Amino acid sequence: MSTFPTAFEDDTLIARVEPDTQGPHFRAELTDRQLVNEVLAGSDDAFEQIFDRYKRSVAHVAARYFRRPEQIEEIIQISFAKAFTELTNFRGQHEASLGSWLCRIAANACLDTIRVQKRKPERLDCDLTANETETLLDLASSREQDAEQKLAVRDLSEKLLKNLPEDDRAILQMLYVEDMSVADIAILLGWSRSKVKIRAWRARNSLRKILKHYM
Amino acid sequence: MDRHEINPGELDKIGSKLIASSALSESEIDCVAGSPFLYAGVKARIGSGVPQRRRVFGFGRRFALGFGSVLVVVGIAAVGLFLRGGGDVTIADQEVHVPIPLKNKPVTYSKSDAGDIASSLPGPVLATERRSSPQYQNASYNKADDRSRATRKTVRPVQPDLEFYPLSYAGDPKENVSGGRVLQIELSRSSLFAMGFNIPIEDGAELVKADLLVGPDGVARGIRLH
């Protein structure tokens with residue numbers, strides 16, 4: 001099941017309010033479209049409500065590409081600032097809700113940041129210790145891991161996945177961890193399904209090469 | 001390290017577990033998203049990068065650059081006209097003529113002018129005629145005129161010193177000057193230094209022309225350097 005939170009979220013799930021209802025409690029229940037209209041009318045509170053409503057979704061997108069908290073915070077800020085300036089272009093038609101629109105902005109911001117950084121994968125110039133190799137081989141089995149093993153695997157993954165580009169890792173995370181379908185990824189990134197498949201195949205090959213190098 | 005043969009399916013399984021373990025947990029993402037200063041950062045970014053403001057600033061900057069470039073071109077053209085015009089300077093609607101100094105104009109003479117110039121110059125006058133002329137007879141001593149002559153004398157080429165310096169081993173040169181003779185000799189610098197002249201002797205063998213005043217007894221009384 002897809003965990004992609006907002007791409008197909010229906011506006012009807014959000015409680016609608018009548019226009020004559022007043023007060024902060026009811027204003028929190030405004031729909032996305034109403035909030036957007038209020039922001040366009042010059043309301044800062046409405047934009048803050050949009051921020052509170054979707055900041056976690058945007059953080060999820062940023063966390064696929066970056067690991068450090070400050071990087072994720074920067075992507076969140078860039079995404080919402082860009083959304084504020086481009087809010088007049090938001091149409092809000094069909095399934096492209098405000099949440100999915102923001103997530104696409106965040107994904108593009110991540111890709112732009114990676115492109116600007118032009119960070120190349122680090123060289124495979126370090127070997128694994130015997131314990132790390134054993135830990136890696138244990139991953140092939142379906143045994144349950146205790147807390148200590150999980151920590152060791154996490155350290156090992158950080159060490160190995162430094163050699164994988166961030167965008168490749170993000171695609172594999174969406175496919176493997178979040179169980180997103182190719183169609184969902186294509187909608188999120190604004191790519192075609194073929195492009196998503198090709199990028200996923202390349203990312204998988206890159207990861208296999210890295211693992212083969214160490215095993 | 002021993003190499004393990006693992007099929008691609010197992011590699012994908014290991015890879016997926018690695019990626020899953022490296023992913024941030026929900027609590028970590030919530031911690032980042034719940035930062036109290038996050039929205040303030042968004043507002044700061046919005047305030048610093050509103051496109052409308054950038055467009056206004058861009059238009060103003062373009063206008064300032066264009067106006068400045070026009071001013072620079074006009075200034076350069078004005079300076080060029082000022083320098084090229086020489087004596088003629090145009091300021092508003094007044095025309096001012098600046099005369100060029102005569103000393104800056106080169107004077108050229110042709111060969112045909114040579115005769116006219118020679119005829120305009122005074123002819124040679126003999127010394128006897130000059131002494132017998134009334135101007136010479138009525139001439140009075142003018143101190144300022146003499147001073148100007150002395151000044152002019154320093155500009156002329158160096159003349160030989162007219163005074164004889166007494167030699168240390170001779171007596172008073174004036175008492176026997178009537179019966180003496182003047183001999184023109186050449187002495188080396190080192191010899192002159194030995195005689196008491198304070199001259200540099202780096203090149204001691206160099207000869208210096210001098211007049212030697214010799215008394216009737218054959219003893220040198222004085223010396224005069226050229």
Side-chain angles (χ1 to χ4, degrees), chain A residues 44 47-48 51-52 55-60 62-64 66-67 69-70 72-74 76-86 127-128 130 133 136-142 145 150-151 153-158 160-161 164 169 172-173 175-178 204 207-208 210-212 214-215, chain B residues 1-70:
Chain A
D44 285 342
F47 185 70
E48 192 168 0
F51 177 79
D52 288 336
K55 63 182 180 184
R56 199 168 176 276
S57 303
V58 173
H60 263 284
R64 291 174 190 145
F66 301 104
R67 297 292 176 272
E70 61 270 18
I72 297 171
E73 284 183 9
E74 188 177 2
I76 293 171
Q77 291 174 357
I78 290 172
S79 304
F80 277 98
K82 192 172 181 181
F84 181 81
T85 55
E86 300 290 330
D127 282 332
L128 300 180
T133 307
L136 200 59
L137 289 173
D138 285 344
L139 288 176
S141 64
S142 53
Q145 297 173 336
K150 283 182 181 176
L151 280 177
V153 170
R154 182 158 194 173
D155 291 342
L156 185 59
S157 65
E158 289 296 326
L160 293 178
L161 295 179
L164 194 67
R169 181 159 66 171
L172 293 178
Q173 182 173 336
L175 284 172
Y176 290 155
V177 181
E178 300 178 17
R204 206 176 289 125
L207 183 58
R208 284 177 188 166
I210 292 168
L211 293 175
K212 274 185 183 176
Y214 288 104
M215 298 178 71
Chain B
M1 190 173 71
D2 296 335
R3 295 285 170 185
H4 303 273
E5 291 298 328
I6 300 178
N7 58 42
E10 286 178 331
L11 285 176
D12 289 345
K13 193 174 180 181
I14 293 171
S16 65
K17 287 190 176 180
L18 282 175
I19 287 175
S21 64
S22 71
L24 295 179
S25 64
E26 295 291 327
S27 60
E28 288 172 323
I29 294 173
D30 286 344
C31 183
V32 173
S35 173
F37 304 108
L38 206 54
Y39 185 69
V42 174
K43 295 296 285 182
R45 285 177 186 269
I46 291 171
S48 63
V50 176
Q52 282 79 4
R53 275 187 65 194
R54 220 180 294 157
R55 274 200 292 271
V56 169
F57 177 69
F59 173 76
R61 188 170 59 178
R62 281 197 297 272
F63 178 76
L65 284 174
F67 187 70
S69 60
V70 168

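These figures come from a predicted structure and were not determined experimentally. So you know, we letter chains A, B, ... as the sequences are listed, proteins then strands, and number each from 1. Just so you know, these numbers use all the heavy atoms, side chains as well, and skip hydrogens, waters and symmetry mates.
The CG atom of L160(A) sits 8.5 Å away from atom CG of L207(A), with the distance rounded to the nearest 0.5 Å. Atom CZ in F47(A) sits 10.5 Å away from atom CG in D52(A) (nearest 0.5 Å). To the nearest 0.5 angstrom, I78(A) atom CD1 is 4.5 Å from R45(B) atom CZ.
Of the two parts of E48(A), the backbone and the side chain both hold a non-hydrogen atom closer than 4.5 Å to a non-hydrogen atom of chain B. Contact of D155(A) with chain B is not made at all, since no heavy-atom distance falls under 4.5 Å. Heavy atoms of S16(B) lying under 4.5 Å from chain A belong to its backbone as well as its side chain. In this structure, chain A has heavy atoms under 4.5 Å from both the backbone and the side chain of E26(B). Interface remark: F51(A) contributes side-chain atoms only to the contact with chain B (heavy atom separation under 4.5 Å).
By the neighbour-count criterion of 12 heavy atoms within 6.0 Å, atom NZ of K82(A) is sparsely surrounded, having that number or fewer from other residues, nucleotides or ligands.
The candidate with the highest count of non-hydrogen atom pairs below 4.5 Å against chain B, out of S157(A), A62(A), A63(A), is S157(A). With chain A as partner, the option from I14(B), L24(B), D30(B) having the largest number of non-hydrogen pairs under 4.5 angstrom is I14(B).
Looking at D12(B) and Y176(A), their side chains come closer than 4.5 Å, going by heavy atoms from C-beta outward.
S21(B) approaches V153(A) most closely through the heavy-atom pair OG-CG1, 3.4 Å.
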